[in-house]
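These numbers come from a predicted model, not from an experiment.
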Amino acid sequence: MKRWLEEKSFQNHKTTYLSHDSQNEFIKLLADDVKKTIIKNVTHAGIYSVTADTTPDISRSDQLSVCVRYIDSLGDVSEKLLKVCQAKDKTGLGVAEKIYEVLVENSLPVENIAFQSYDYASTPPNLSSESTPGCEFFFKMSNIPTTRKKLSGAAYRKEAKERQEKEEEVLKKTKRINDYFQQQSGNIPANEISVIENVEVQNEVAYLAMNTRDDFVNSPTPNLPTSTTNIESNPSDLIIQHEPIAEASKLPEPEGKSATHSGFVSSDPAEWIIKDTTIEILLARDINQNLDCDFTKTRIFYEPGKFRSLNKNNFKRKLKNGEEYDRKYLIYSPSKKSLFCMPCRLFGGKSSLAKEDGCNDWKNINQILSSHENSKDHHICQKAMLDRSRGNARVDNTLCSQIDTEIQGHDERFGSSHNGNYMMCLELLADFDPFLANHITTRGNPGKGNTSYLSSTICDEFINLMAKHVTNKIVNEIKQCKYFSIVVHSTPDISHIDQLSFVLRYVKDGTPVERFLRFLPKVGHKSENMEDTVLSFLENLGIDINNCRGQSYDNASNMSGAYTGLQARIVKHNSLAMYVPCSAHSLNLVGSCAAECVPEASEFFNTIQTIFTFFAASTNRWNIFTSSLKNGQTVLKRANGTRWSSKHDACKSLATCWTEVIQSLSKIRDDMMEKPATWSESKGYIDQINNFEFVFMTIFWNTLLERFNATSKSLQSIKIHLETVVHLYRSLTDFVIQLRNEVMFEEFINKARQSISEEYKIDMKRAKTRSLLPGETRKNETKPQNGKDNLRINVYYPILDCIQIELKKRQLAYTEVAERFDFLQHLNNFEADIILKKAEHLQMLYKDDLDDNFLTEVLHFKEYEISNFEQFIEQKLEQTFPNIFIALRMFLSMAVSNCTAERSFSALKRIKMYLRANLLEEKLNALSILCIENRITNELDFDHLINDFSQLKARKELH
């Protein structure tokens, strides 16, 4: 099986039956077979009952579950799921019609219903607590006929003909299984090779022509020669055996080959026969856009003397900044003289560029292309083509994700449907391995006390052994590289146990790497407890704390405290373990501070979150909102996530669909079927967002957070170092300073003015006039600010000032440490005396690591033009400049974020989920390190693992 998969994975022009389409077809066949069994049992039972209920799925669409209850042939009561379908109409009539449709679709007579069972909600059919046999009143109330309408003879014949045509269409696109198995050929004389190749091509054409015959469905398998051993001395006799050859010879043969020949597909998209083989061939070769064709033939005259035609500029996309990109997805069809979109043509697009005739509206082609490439349908087809070209759409690539649910089941017996995925995999392998199949047959279910090496205990032992090998390899790398940094972070798991993620960063082959080692449970949040845990864990691994050169935690006081925090306690054991706050977390704190510095900013994000909650709380309201969206627009996002990027996503989505939100709220407000509380909420939200200040804040925050989000993603990279962090913070500070002027303020005002009229809420209110005391005048009385000045002075400037101050304060923590090493990468920017001073200071700081030759090495190293550490390693300068090599390793080993620890929490949620909430810590850590450090796991020597396992299980008798 493995050898077959390896062979088929490289055959781009062959059908392998490993795609998602084949997988879905098998699943559908299995589901249909199960459903037929249920329908057969219900029909045999005679009478049955119906139960139904609705619930929203993850995409907030209502799903209706229809079940039937009956007495089976053994006399037991059975309740089976019949179908889960989308319930677009949740009214009593809508649910009744959907239930009736499901019953008729499965050929279950409605008049045989004995009882119905639903909840007490008023949305399902309004039934009394009493159930009437036959349930006639239920379908009469819903205006649904209780008997199935009998079709006429002509209608039945028409349905049968359509069904037969669909089957023939499928058979035309499906290859025969005989084509994949050929007999071994003998020795063929050289003078017969060309004749044989011609015979094989002609026979394949004849075979395809036979597939188009009406009686092909019931015809026997044609006896076509599949190997050269079946060819006699006169190969032409073989060709005359089949009648359809004369018809097949009339088919077009471009460039001397048959258009249906395996491995050849025309470069004209209008001639493509969309099937699995065609897609594989096209994705395996370069795309030919047919740009060398004569586009003057595409002229279309709209008026006498005025025409439009296709030109090569249509194959380029020009951006606002003047840059041009090739539209590589476009292909010109010489036969149709029109344009096609390759992804949409191959993967079921619905635009004019995907249809059989293509698009030739040259008068509006620019608008059509611009709208098409931004459409959701085009993006879906592009993703499908990209997944297919990368091999992500194959079933063997997703087998591991299917198995990642529950390892051991409830019943550890082979043949049981609840034995879990571990035994399921063994049963699958036994179908292709006779030794394993025999072992399962003889020793599979002997019970406890018998050795079979197939139990969950043996599985756990292998998992722990693999995890031990991965941990040992990481520890050996750290000891070899010597210098490292500590990264720890904690989070509660699904069983509410606090898990402390332990990660170490070091430099390997000139590249910084961060490795996960373990989850440490129930450590607590006190710094002294975490100190003991960290030191004892390093001691158990045999890692010397004196080689630690950095620490990176979040900004919590128990971690970052200058006197009693974890970093201060580690510094007492090693003064060179410099603390660097998590740069990504610090940036999040800057944004959080800015969002709370003025009441208007805090109210803005609260409004976005409440609007999202208002729509997401009801599937009906969510459907109203999503139905109003256009192509390219995204749904609303929540704004109260723990990551600051969630606020950027919320602002971006609201900025693109602000008009649609207003329309949806207005529709809900005017709907007389809604509750009064819903009317009031929608009216209040319209008043909150349908004003100039809110639109201005949306545009302003969207621009600001877009830069924050891009910088935050860069800070989360493993390869980033201190100098890059300083540059990113400095550039973000300069960006904020550039926004703080009246010119940029007017720019945001103009953008907001395009969506709504410039009317401020303050200007709409009546100005309060203070009563004058006797002898007072209004001569020196200041006038109140207008709405525009209030927005600029009290909102716009304070937000930017707060961000600027916080960025500069956070940047100091990184600048102080980075300045110790910055001269090594910018030697040409400093004078010799400054270089010597900085080098002497660094040598005194790390006197146990850098010797006295460090100063002379620095002056010598200045003559080399090296910009990064990778070039230092490539040129093999570590022998020439050993002290500089040590200094750069210490610098790069300093962690600047704890994002790797946070990424391990994603694996923790996948491994210890609700199905495995009682997972033991030893197994949790074993599975976690195998999952997170999967590259090292894939490099394990499994023969060595088996030998280690056999030594652990060996029983030696002493004499």
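- Across every non-hydrogen atom of K337 and N360, the tightest pair is O-CB, 3.8 Å.
- Taking 4.5 Å as the limit, every side-chain heavy atom of D53 sits out of range of all side-chain heavy atoms of L64.
- If you check the side chains of S664 and S628, you find a donor sitting under 3.5 Å from an acceptor.
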Working for side-chain contact (heavy atoms from CB on, under 4.5 Å), residues L330 and L369: CA-CA 9 Å; L330 289 179; L369 293 177; 3.8 Å; yes
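- To the nearest 0.5 Å, the span separating CD1 on I380 from CZ on F347 amounts to 13.0 Å.
- Looking at K336 and E356, no side-chain N of the basic residue comes within less than 4.0 Å of a carboxylate O on the acidic one, giving no salt bridge.
- Panel note: side chain E280, backbone T277; no donor-acceptor pair is recorded below 3.5 Å.
- In this structure, Q663 places its CD atom where more than 12 heavy-atom neighbours from other residues, nucleotides or ligands lie under 6.0 Å away.
- The shortest distance between side-chain heavy atoms of S61 and T619 does not fall below 4.5 Å.
- Residues N623 and N620 bring no donor and acceptor atom of their side chains to less than 3.5 Å of each other.
- Look at K36 and D32 and you find no salt bridge, because none of the NZ, NE, NH1 or NH2 atoms lies under 4.0 Å from a carboxylate O.
- Using a 4.0 Å cut-off between charged side-chain N and carboxylate O, E373 and R317 make a salt bridge.
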Residues L654, T656; criterion side-chain contact (heavy atoms from CB on, under 4.5 Å); working and verdict: CA-CA 5 Å; L654 182 62; T656 57; over 6 Å; no
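- In this structure, W362 CH2 and T298 OG1 are separated by 5.5 Å, a value rounded to the nearest 0.5 Å.
- Side-chain contact check for L82 versus C67: every heavy-atom pair is 4.5 Å or farther apart.
- Within the model, atoms CG of N313 and CD1 of I365 stand 12.5 Å from one another, a figure rounded to the nearest 0.5 Å.
- Under the 4.5 Å side-chain criterion, counting only non-hydrogen atoms from C-beta, E706 is not in contact with K652.
- What you find for H378 and C344 is that their closest heavy atoms are ND1-SG, 3.5 Å.
- In this structure, the side chain of D326 does not engage the main chain of K328 through any donor-acceptor pair within 3.5 Å.
- A distance of 14.5 Å separates CD in Q289 from CZ in F340, rounded to the nearest 0.5 Å.
- Checked against a 6.0 Å centroid threshold, the rings of F295 and Y332 count as neighbours.
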Verdict with supporting geometry, T54 and D62, side chain to side chain donor-acceptor pair (under 3.5 Å): CA-CA 6 Å; T54 59; D62 282 306; 5.1 Å; no
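- Taken from CD in E660 to OG1 in T626, the straight-line distance is 12.0 Å, to the nearest 0.5 Å.
- By the 4.5 Å heavy-atom criterion applied to side chains, I368 and C359 are counted as neighbours.
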Test side-chain contact (heavy atoms from CB on, under 4.5 Å) applied to D361 and K363, step by step: CA-CA 5 Å; D361 186 3; K363 190 174 183 180; 3.8 Å; yes
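- Using modelled atom types, one finds no donor on one side chain facing an acceptor on the other under 3.5 Å when comparing N631 with D377.
- With hydrogens and angles ignored, the 3.5 Å screen pairs no side-chain donor or acceptor of N314 with any backbone N or O of N366.
- When all heavy atoms of I273 and T278 are compared, the closest pair comes out as O-OG1, 2.7 Å.
- The two atoms that bring N288 and I331 nearest to each other are O-CG2, 3.7 Å, heavy atoms only.
- For R345 (side chain) and P269 (main-chain N/O), a donor-acceptor pair under 3.5 Å exists by modelled atom type.
- Inter-residue side-chain proximity for W622 and P56 is flagged as unmet; no heavy-atom pair is nearer than 4.5 Å.
- Smallest separation of non-hydrogen atoms from L346 and I274: O-CG2, 3.6 Å.
- A side-chain donor-acceptor contact under 3.5 Å links N938 to the backbone of N934.
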side-chain contact (heavy atoms from CB on, under 4.5 Å) between K316 and K312, worked out: CA-CA 7 Å; K316 295 183 178 295; K312 292 187 178 180; over 6 Å; no
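- One distance of note links CD1 of I300 with CZ of R308; it measures 11.0 Å at 0.5 Å rounding.
- Under the rule for a salt bridge (Lys or Arg N to Asp or Glu O under 4.0 Å), D57 has no partner lying at least two apart in sequence or in another chain.
- In this structure, the side chains of D357 and S338 stay at 4.5 Å or more apart for every pair of heavy atoms.
- In this structure, a donor-acceptor pair under 3.5 Å is absent between the side chains of S266 and D268.
- Exactly one residue among Q382, R327, H372 makes a side-chain contact (heavy atoms from CB on, under 4.5 Å) with C341. That residue is H372.
- Using a 4.5 Å heavy-atom threshold, the side chains of S653 and V635 count as separate.
- K35 NZ: more than 12 foreign heavy atoms inside a 6.0 Å radius.
- Annotation for S333 and A270: closest pair OG-CB, 3.4 Å, computed over non-hydrogen atoms.
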